[in-house]
Structures are given as structure tokens and as C-alpha cells.
S.K.: 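So that we are looking at the same thing, I have put the structure below in C-alpha cells.
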There are 2 protein chains.
Amino acid sequence: MTIPFAQTLAARFADLPEQLQVAARWISENPQDVALLSMRDQARRAGVQPATMSRLARALGYGGYDALRAQHADALRRNGQGLAATAQRRRPLDANSTEAAAQALLAESADQISYLSSADNLAAIARAAALIASARRVYCLGQRSSYPVAWHFHYAMSLITDRAQLLDGSGATGLDALSHAQPGDVLFVCGVAPYTRAVVEASLQAQANGLQIVTVTDSPLSPLAVQGGCVLISPTESASYLHAMTPAFALADCLAALVARGDDPAVLARLEDLDRQLSARNTYLSEPQKVSI
Amino acid sequence: MTIPFAQTLAARFADLPEQLQVAARWISENPQDVALLSMRDQARRAGVQPATMSRLARALGYGGYDALRAQHADALRRNGQGLAATAQRRRPLDANSTEAAAQALLAESADQISYLSSADNLAAIARAAALIASARRVYCLGQRSSYPVAWHFHYAMSLITDRAQLLDGSGATGLDALSHAQPGDVLFVCGVAPYTRAVVEASLQAQANGLQIVTVTDSPLSPLAVQGGCVLISPTESASYLHAMTPAFALADCLAALVARGDDPAVLARLEDLDRQLSARNTYLSEPQKVSI
DNA sequence: CGAATATTGCAACATTTGTTTCAATGATGT
DNA sequence: ACATCATTGAAACAAATGTTGCAATATTCG
């Protein structure tokens, strides 16, 4: 915890009267408590009068103890949220330029994805991957801004298995397809605020029917964050007018890759071979002819 | 910041009355402030009565708000303990574990998005945004793994304008819709190796017909990287069996945000207002009733 | 519909907060 | 020793804190 206070104090400490030094020493040894305990509590622990604390703050140039406390509170807050990884790498651009805005937006996405690697989230991802890998069938659901996430996950899964089914509206394969689900099947559902009622209800219904739920959503308090399922939290704050969906997309992509990891190596090898051949030359994929696996 | 409170809350959140949910949501989003602000301050910021905060603490089994605050204070203190906490946060993962693989995949995505901020790319993005902002009509095209990118871009655009059209297969709105395009219209196309023949041909045809092309693709040598258009390069290397599409998705998202930047501020303001209202409460969006803009 | 219950906003409550005042004490310089 | 000044401890202060009781309003259930 580095606080301007520490330097100010070091500079003037020697010139302080005895009691103020006692108080100052306690603070410098317990900086994390300055913002968390009442001043009187701190005085008690430091073994000085409450008034001494106030006097110390004044002696160091603060308006009052609250000012000192505010500074320490900020330091605590900053500790909590790690530094923005990309913040430093910015190149100097006119602040109002489109380029600068683009850079800011992209940096935000990159940071958000970095933060997906919290211990909690990683554990949930691993559990989700295991759940999906052993599922008889995986239903994929997402509407509006979450639709691409569900679609991508389904697409990725469909390359390595036929156990995935997308619950989208077109055709008759909408939410009704869930009625064929059996206990033990998995529902992969993505949704962020404002939540679509149909999606929430389908998830609840699915859980009631004994399905395992893997959720990608924007908050642990989301109505989609059903108890007893795997809940993957994806930040959606954004400087843009839209909620950020890139982290959710990254999560889905990551999840599919992990599921594949446990899958038949032969299938994956052929997929990668095929891919290498195709991309080596500038090969086209014609529309009707599908990839033969 | 992981606090037992978070789990308790997630478990009981759904059963809480409305005001308590508002309070709970604020706490869940601002855990670092619980121990640093007075309860009345927090109530003010969350937009609830002070009494509601007290009641929430009780409803969750705490003796009072102070108990809740103490728990959060401990979490803050633990965070502050420098290296010990950091070591705990970056728990050494077993190299072969699913968690480690997930972390690697996510880190790769984050890095790739960071690299999108090259000077070349930023300039191209800015040009593309300007092009699209002034276009009479924007057609969005992408198939297979690029489909979510095109879909997302179209969805984002469709929230602020009716000038966007998605060229997807279902219905009769496939590639044929391009035949109504006029010179000066823009085609936003996304595609990576192995390129889909139909997409490449449509792009070439579109350019021949005088359309401006904005391309998101994986290489400057891609057949989609037509001369005279805006070419946005998105890396697709991946440790997974799939090509990485997250950077392309981020690009599309960024581009839409930039286009909106130059758009009618009133529309955006209303979008954001609507959004704030909706996400403040636990409002659902019912399926048939569309967002009124 | 009416009764019963749960939820909410408001106002009062006793505590506790940080600060200030004032007299007592100690140190310093002449 | 005396006067001067800084320092200290104890008490008093207004302001703000967390909590609770109560009436008004919504909601649920028969």
C-alpha cells in the first residue's frame, strides 16, 4: 500500500511531538486499518487520545482525519481491482479522434477478457467443461445480443460432435425442442440484462426437468444464475451504447475448446489436418459441399 | 474479492423483496465500498432507504449491518497484504489442468485483441467507421464461423439505424438481397480461412457493382482483402481446434460503437436511458414486445 | 370481494462519530 | 525563577451513525 501520506509522514516525523509520533507510528504500521476502523478505535489501539489523531491529521496538512482516511480508503479500493493491463501500452493519439476511441474500446475488451481468469471463474469453466463433455446432449440458448454467443458455441461443438442443438427461433426448432430433453442433458444458456423473459423461463423449466445448466451471464445475481448450475460471469460494462458481449463470446469459445480437449483425439487431429491443408493453399469451401470429417 | 456474503446472497437473492434486491445488487457491484462508506452513504448511492440496508443485513442472517461490514473489511484487509494475497490470487495451476488450459486460451484472446490496436488497424477502423456512417445502406455478410460476427454487427447497427441488412441464408434474404444494392452502399463482410466461395464471389461482385467493402479477415492476402476497400486484419491463430473468432467479434463490436459515435446523440441517449432503467430493476424483456426506441 | 400478510417510507431513537475547547503540564529561553 | 510557549488529557459539542417502531401501501390468499 503506497500512499502519499507515507512520504509526508517520513519527512516530518522527527519534528512531531511525542504523542503524535506514537499515533503516527501506529498508522504507518497499520495503514490498512485507517479507513476500516473508527478514529476513536484507532486511538484506543494506538494508546493515545482521540484528540491526538485529529491533531496528527492537521499537523500533516490534512483538513481533518476524514481527509486522511479518504486517502487510505482509495488505496484500499485500488488494491482490490488489479491495474488495467493495457492501460500503459496506449499509443499517444488525439483524445477525440476515432482512432483513440477505437483503441479505448479494444483495450477495454482485452482487459475484460483478462479478468475472466479469476480463480472462481476458472474453476467454474472447468466444471462446465466436464459437465458438457459427459452430457448426452447439449442445448444452446441465447437471444438478442447473446445469440451470437450461443450460435458460436453450438457451431464449435457441432464440428466435433452431433450432441449439440441450437435453440433458435427459425423453423420449428425453437425452445420447444427442450421438451425432448432428458435429465442429465445440459443447457448452455447465455443472457445479459435486460434479460429475455422466455430465456429465463426456459432455463428455470429446464432445471426443474433435471437438466444441468451452464450459464454465461453478467452478474451472480442474474435471474439466469440458477443455483446448482455452473455460472460463468462475463463483464458487460462498456463505453459503447451496447453491452460488451466480447467477453461472453470469448468464454463460449474457450469452453468449446476445453470440451474438445477431452474428446476423441482422432477427430481433432483430422480437423486440424484438414484445416492446415485448406488454409495452406487459398482453398475455398463451396457452399453445398460440407466439410467431410 | 471473494466473500462468503456473495454466495449467501446469490442463493437467496431471488426470494428477496424488490427494495432489498436493489440494495443487494448495489452491494454486489460495489463490494469494495461496503466497508469504506457509511451505511447511509451506501443507501444514498444505491437509491434506497437507510433502513433497507439494515433490513437486508438481517434478511441474510447477519446481526446487523456492522456484521456485514466487518466481513467486507476483512476481505479488503486480506487483499491489501501485498504479496501473500497476490500469490493466492495467482494460484499455481497444474500445467495439465483444465483451469490452466482455460487461462491460456483466455490470455491468448486478450493478447490478440490488444494487438488489434496497431496503428495500421486503427487507421483502417476509423476509415471503415466513416465509410459506414455515411452509407445509404450497409449489408452484413459472414458465414460459418464468421456468421456471429456479421450477425452481431448487424444487430448492433439495427439498434440505432434501419440502414443495416443481414445477408443470411434463412428466408429469401440471402445473398440475393445484394442485387438491390446501389453504388455507394457498403458491404461489411467477415471471413477467414477456409474461405467460403460464395462469400468471396459476392464480395467481388459487390465491388464490381460499385459498393464500398469493409472486410474483417485473417490476412492481408486473403481473397476477401479486396483492393480499394477497408481491410481489418484479425488474428485467428489459436491453441484450440477452431480458429479464434473473438478478435473479429471485438472488431465488429468496436466498429459499431464508432459508427454510433457519429450518430444522433438523442437516439443513443434514449438507448442508454432505457438500458439504465431496465437493468436497474430486474426487468425482463418479453419476447413479442420489442424495445421501443 | 375482504382479510391477512408482507413490504415500504418516514421519523424518532440512543449511540457513536470527529472535533474543539480549556485547563493542566511540561519544556525553553532569558 | 519567571514568563512564554508548545503539548497533553479530559470533557463537551454538534453532526452523523445504525437501528427500530409505526403507519401507509402492496401483495397474497381464501
Side-chain angles (χ1 to χ4, degrees), chain A residues 3 5 8-9 11-27 30-74 76 197 221 223, chain B residues 5 9 12-27 30-74 76 277 280-284:
Chain A
I3 303 176
F5 168 82
T8 311
L9 179 57
R12 305 202 203 172
F13 183 77
D15 301 329
L16 292 176
E18 189 185 332
Q19 287 302 102
L20 294 199
Q21 286 198 358
V22 174
R25 201 173 296 118
W26 186 90
I27 291 185
N30 304 81
Q32 74 280 14
D33 281 331
V34 171
L36 295 174
L37 266 43
S38 82
M39 184 210 78
R40 284 177 119 103
D41 248 350
Q42 299 174 46
R44 224 166 289 135
R45 300 190 187 202
V48 300
Q49 294 272 342
T52 306
M53 296 304 238
S54 268
R55 288 166 179 152
L56 174 63
R58 282 231 134 74
L60 295 176
Y62 294 88
Y65 204 82
D66 287 335
L68 213 173
R69 174 201 294 275
Q71 205 168 79
H72 285 255
D74 279 346
L76 274 184
R197 180 177 298 277
L221 303 184
Chain B
F5 168 82
L9 180 56
R12 306 205 202 170
F13 180 77
D15 300 327
L16 293 175
E18 188 184 333
Q19 287 302 102
L20 295 197
Q21 286 198 357
V22 174
R25 201 174 296 116
W26 186 89
I27 292 184
N30 304 80
Q32 74 282 11
D33 281 331
V34 171
L36 295 174
L37 265 44
S38 82
M39 183 263 270
R40 284 179 119 101
D41 246 350
Q42 298 173 46
R44 224 165 288 135
R45 300 189 188 204
V48 301
Q49 294 272 343
T52 306
M53 295 303 228
S54 270
R55 288 166 179 154
L56 174 64
R58 283 229 133 73
L60 295 176
Y62 293 87
Y65 204 81
D66 287 334
L68 213 174
R69 173 200 294 274
Q71 204 169 79
H72 284 254
D74 280 346
L76 272 185
Q277 285 176 18
R281 320 171 205 156
N282 237 1
T283 328
Y284 296 116

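Letters go in sequence order (proteins before strands), and every chain restarts at 1. Predicted, not measured: the structure shown is a model, and the values here were computed from it.
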S.K.: Grab the CG-P distance between A:Leu36 and C:dT17 for me, whole Å please.
M.R.: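 About 14 Å, once rounded to whole Å.
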S.K.: Over how many whole Å does the gap from A:Leu20 atom CG to C:dG26 atom C1' extend?
M.R.: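 Value for this atom pair: 15 Å.
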S.K.: How long is the span from the CE atom in B:Met39 to the OG1 atom in B:Thr52, to the nearest 0.5 Å?
M.R.: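 Going from CE on B:Met39 over to OG1 on B:Thr52, the span is 9.0 Å.
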S.K.: So how far is it from B:Arg69 CZ to B:Phe5 CZ, rounded to the nearest 0.5 Å?
M.R.: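 So the CZ of B:Arg69 and the CZ of B:Phe5 are separated by 13.0 Å.
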S.K.: Taking side chain to side chain contact (heavy atoms under 4.5 Å, CB included) as the criterion, tell me which of B:Val48, B:Asp15, B:Leu60, B:Leu56 meets it with B:Leu20.
M.R.: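 Per the side chain to side chain contact (heavy atoms under 4.5 Å, CB included) rule, the option paired with B:Leu20 is B:Leu56, out of B:Val48, B:Asp15, B:Leu60, B:Leu56.
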S.K.: B:Leu56 CG to C:dG9 P: how many Å, rounded?
M.R.: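 So the CG-P distance, B:Leu56 to C:dG9, works out to 14 Å.
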S.K.: What is the distance, to the nearest angstrom, from the CD atom on A:Gln42 to the P atom on C:dG18?
M.R.: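 It works out to 8 Å between those atoms.
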S.K.: Out of D:dT19, C:dT20, C:dT7, which has the shortest distance to the side chain of B:Arg58?
M.R.: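 Closest of the options to the side chain of B:Arg58: D:dT19.
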S.K.: If you assign each of B:Gln19 and B:Arg40 to its closest nucleotide in DNA chain C, which residue comes earlier from the 5' end?
M.R.: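 Closest to the 5' end, via its nearest nucleotide, is B:Gln19.
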S.K.: Can you check the B:Asp66 CG to D:dA16 P distance for me, whole Å?
M.R.: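 Rounded to whole Å, this separation is 19 Å.
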S.K.: What do the steps show when you test B:Asp33 against B:Asp41 for side-chain contact (heavy atoms from CB on, under 4.5 Å), and what is the final call?
M.R.: CA-CA 10 Å; B:Asp33 281 331; B:Asp41 246 350; over 6 Å; no
S.K.: Counting only side-chain heavy atoms from C-beta out, which of C:dT19, D:dT19, D:dT8 sits nearest to B:Tyr65?
M.R.: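 Of the candidates, D:dT19 comes closest.
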S.K.: Among the nucleotides C:dT8, D:dT19, C:dT19, which one has an atom lying closest to any side-chain atom of A:Pro50?
M.R.: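 Minimum distance to the A:Pro50 side chain belongs to C:dT19.
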S.K.: Measure from the side-chain N and O atoms of A:Arg45 to the backbone N and O of A:Trp26, and report whether any donor-acceptor pair falls under 3.5 Å.
M.R.: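 Flag not set: sc A:Arg45 to bb A:Trp26 has no pair under 3.5 Å.
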S.K.: In whole angstrom, what separates B:Met39's CE from C:dT15's C1'?
M.R.: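 The answer, rounded to whole Å, is 13 Å.
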S.K.: Measure from CG on A:Leu37 to C1' on D:dT17 and round the result to the nearest Å.
M.R.: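 About 16 Å, once rounded to whole Å.
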S.K.: Could you work out which one of D:dG9, C:dT17, C:dG9 sits closest to the side chain of A:Ser38?
M.R.: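 For the A:Ser38 side chain, the nearest candidate turns out to be C:dT17.
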S.K.: Is there a side-chain polar atom (N or O) of B:Arg55 under 4.0 Å from OP1 or OP2 of D:dG18?
M.R.: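 Result: no.
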S.K.: To the nearest Å, how far apart are B:Glu18 CD and C:dG9 P?
M.R.: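 The answer, rounded to whole Å, is 9 Å.
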S.K.: Using only side-chain N and O atoms of A:Ser54, determine if any of them is under 4.0 Å from OP1 or OP2 of C:dG18.
M.R.: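 False: A:Ser54 side-chain N/O out of range (4.0 Å or more) of C:dG18 OP1/OP2.
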